[in-house]
Amino acid sequence: MAAPTEAKVKAASTASFLAGLAIAVLNAVVADSSLLGPLPVWLQAPVLALVPAGLTWLAGYQARHTPRSIV
């Protein structure tokens, strides 16, 4: 029998999905570099990669641990 998915994994996966979705929607709506315009061009790509990763880490860190029984 498989163990249930831990709350930390669910929270981190959901945060990553929502952050990626938000970036995709903003990119479609804005459709130019004005969203990250104040940042230098060389810094825009790392910021877009780090935002979902940072939110995923934060969600996983904040979520409660799911205790498992020893079988």
Side-chain angles (χ1 to χ4, degrees):
M1 181 183 221
T5 304
E6 191 167 343
K8 288 183 164 289
V9 175
K10 291 178 186 177
S13 299
T14 301
S16 181
F17 171 74
L18 292 176
L21 184 63
I23 290 172
V25 168
L26 286 173
N27 187 43
V29 170
V30 176
D32 62 18
S33 63
S34 67
L35 179 65
L36 296 174
L39 295 176
V41 175
W42 63 269
L43 187 59
Q44 291 179 9
V47 166
L48 287 175
L50 289 174
V51 167
L55 291 175
T56 300
W57 177 86
L58 183 63
Y61 182 78
Q62 292 294 325
R64 299 188 129 231
H65 174 71
T66 305
R68 295 186 183 189
S69 61
I70 299 174
V71 179

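The hydrophobic cluster containing L58 does not contain L18, counting ILVMFWY residues as joined when their side-chain heavy atoms lie under 4.5 angstrom apart, directly or transitively. Hydrophobic cluster membership is shared by W42 and V51, with clusters built from Ile, Leu, Val, Met, Phe, Trp and Tyr side chains linked at under 4.5 angstrom.
S16 contributes no side-chain N or O that, together with a main-chain N or O of A12, makes up a donor-acceptor pair within less than 3.5 Å.
Annotation: the span from T14 atom OG1 to L55 atom CG amounts to 12.5 Å, rounded to 0.5 Å. Between T56 atom OG1 and L50 atom CG the span is 11.0 Å, to the nearest 0.5 Å.
Summarising the geometry of A19 relative to P52, their closest heavy-atom pair is CB-CA, 3.8 Å, with the distance given to 0.1 Å.
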